[in-house]
Amino acid sequence: MRSGVPIEVAGGAKRYGAVAALRGVTLEFPAGRLTAVLGPSGCGKTTLLRAIAGFLTLDAGRIRFGGDDVTALPPQRRGTAMVFQSYALWPHMTVFDNVAYGLRLQRVAKVEIARRVSEALALVEIGDVEAVARRKPTALSGGQQQRVALARALVVEPHVLLLDEPLSNLDAKVRQRLRVEIRRLQRRVGITTVYVTHDQEEALAIADRVVLMDAGRVVQAGTPQEVYLTPATEFAADFLGVGTRLGARAEPGALVLDDTTQRLPYAGQARGPVVLVLRSSDLSLAGSDPTLEGDLEESLFLGDRWRHYVRLGATLLIVDGAAPHPPGSVRVSVPRDRLRIFPQGGAQ
């Protein structure tokens with residue numbers, strides 16, 4: 001397996017008519033690391049991935065692999081391999097022929113093809129390699145098909161592995177198992193990997209680095225812990241986790257909520273109109289922290305927790321807890337160190 005190379009995107013821009021899919025994106029993807037590109041639908045993450053792969057041409061900007069400019073190179077000359085959301089396996093071919101396809105295009109000797117296909121299928125832990133290799137993709141489960149798609153990408157020994165929402169078609173339990181195996185596999189082979197997803201839990205769980213995008217721009221990039229715990233913008237704070245936006249006014253020593261005039265202690269420097277983003281996992285219906293008073297309207301059982309919806313004026317505040325709670329008046333504890341405050345109308 002080849003060693004990974006660093007990727008650099010400098011000033012990447014792409015438009016589709018009136019829609020700006022990428023707006024001057026500048027990013028570095030470290031060699032041998034897994035970087036998750038995360039964001040809502042239409043944020044530009046798949047456009048960025050396809051530009052790195054060479055499937056589309058940027059309107060402006062450059063792409064470099066290990067210092068070499070690959071902007072004008074076709075996909076087959078970039079040393080990349082891509083795993084698609086739909087797997088893109090040929091149903092009329094056996095698993096062996098699907099995995100061997102790229103090697104045959106490279107005119108690799110038959111004996112070498114057999115060895116490398118067998119090793120790739122074993123690497124993705126698909127089970128009985130000889131038996132699976134003889135089957136057609138339609139005879140496999142969704143998880144097995146995804147493993148075949150990974151083996152097909154890895155068998156050509158690319159410098160860069162690109163994955164476009166590869167687990168989105170699988171059920172929750174298979175998704176959770178495969179994300180662990182993709183993480184383990186990436187560390188084992190040491191290949192530079194770009195993993196596009198809209199699933200924040202998936203991105204935070206498997207990535208060395210997370211890139212958060214919105215409206216064709218990079219909002220924030222860092223380790224999963226940095227991006228989640230110290231969001232740089234209101235969008236980042238609200239997108240990661242389950243959050244509630246509250247309008248407020250920052251005054252010396254207090255935050256005064258717009259709808260209810262309730263107050264929270266505040267020692268920061270901001271003054272004037274602000275937006276407060278409170279995450280459901282930070283809040284509770286009991287505790288010694290400063291509290292907000294509201295009316296509990298609904299509680300939903302989510303298996304590992306209860307999700308409570310508390311009315312504060314015109315806003316429903318989402319609070320997670322370990323136990324049910326009867327409807328009626330409640331106090332919501334708000335930890336002082338989890339106040340995420342942003343200026344109203346600020347750049348996102």
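Source: prediction; values computed, not measured.
D295 places no side-chain N or O within donor-acceptor distance of the main-chain N or O of R311, the cut-off being under 3.5 Å. With hydrogens and angles disregarded, a donor-acceptor distance shorter than 3.5 Å links the side chain of T192 to the backbone of G32. Using modelled atom types, one side-chain atom of R23 and one backbone atom of A215 make a donor-acceptor pair closer than 3.5 Å. Between the Q176 side chain and the K173 main chain, no donor and acceptor come within less than 3.5 Å of each other.
With sequence neighbours excluded, the residues satisfying side chain to side chain contact (heavy atoms under 4.5 Å, CB included) with R77 are L73, P74. For R115, the salt bridge (charged side-chain N to carboxylate O under 4.0 Å, His left out) partners are E112, E119, not counting sequence neighbours. Scored by the ring pair (Phe, Tyr, Trp, His ring centres under 6.0 Å) test, F96 finds no partners at all (sequence neighbours excluded). Residues meeting the side chain to side chain donor-acceptor pair (under 3.5 Å) test with T197, sequence neighbours left out: E202. Residues that satisfy the ring pair (Phe, Tyr, Trp, His ring centres under 6.0 Å) test with F239, not counting sequence neighbours, are F235. Residues satisfying the side chain to side chain contact (heavy atoms under 4.5 Å, CB included) test with A254, not counting sequence neighbours, are R263.
Between D258 and R249, none of the side-chain N atoms (NZ, or NE/NH1/NH2) sits under 4.0 Å from a carboxylate O, so this pair counts as no salt bridge. The residues R62 and E8 are annotated as not salt-bridged, no charged nitrogen and carboxylate oxygen being separated by less than 4.0 angstrom. Look at D97 and K136 and you find no salt bridge, because none of the NZ, NE, NH1 or NH2 atoms lies under 4.0 Å from a carboxylate O. Salt bridge D164/R50: absent, no basic N to carboxylate O contact under 4.0 Å.
Residues Y16 make up the rest of the hydrophobic cluster containing L56, defined by ILVMFWY side-chain heavy atoms closer than 4.5 Å, directly or through other members. Hydrophobic clustering, defined by side-chain heavy atoms of Ile, Leu, Val, Met, Phe, Trp and Tyr closer than 4.5 Å, groups L296 together with L246, L255, L257, L264, Y266, V274, L276, L278, L283, L285, L292, V310, L312, L317, V319, V330, V332, V334, L339, I341.
Counting only residues at least two apart or on different chains, no ring pair (Phe, Tyr, Trp, His ring centres under 6.0 Å) pair has a member in residues 160-184. The salt bridge (Lys or Arg N to Asp or Glu O under 4.0 Å) contacts involving residues 266-279 comprise nothing, where partners must be two or more places apart or lie in separate chains. Under the salt bridge (Lys or Arg N to Asp or Glu O under 4.0 Å) criterion, the residue pairs touching residues 312-337 are E293-R331, R305-D320, R307-D320, with sequence neighbours excluded. Residue pairs meeting the ring pair (Phe, Tyr, Trp, His ring centres under 6.0 Å) criterion with at least one member in residues 164-184: none, sequence neighbours excluded.
Here the straight-line distance linking atom CD of E165 with atom OG of S86 works out to 11.5 Å at 0.5 Å rounding. With rounding to the nearest 0.5 Å, the separation of CG in D214 from CD in Q220 is 12.5 Å. Note: L22 CG to D59 CG = 9.0 Å, rounded to the nearest 0.5 Å. Atom-to-atom distance recorded for L38:CG and L240:CG is 6.0 Å, nearest 0.5 angstrom. The NE2 atom of H92 sits 12.0 Å away from atom OG1 of T138, with the distance rounded to the nearest 0.5 Å.
Across all non-hydrogen atoms, the minimal contact from K45 to G39 is NZ-O, 3.0 Å.
Ring geometry for F55 against F84 counts as parallel: the plane angle stays under 30°, on a 0 to 90° scale with 60° as the upper cut.
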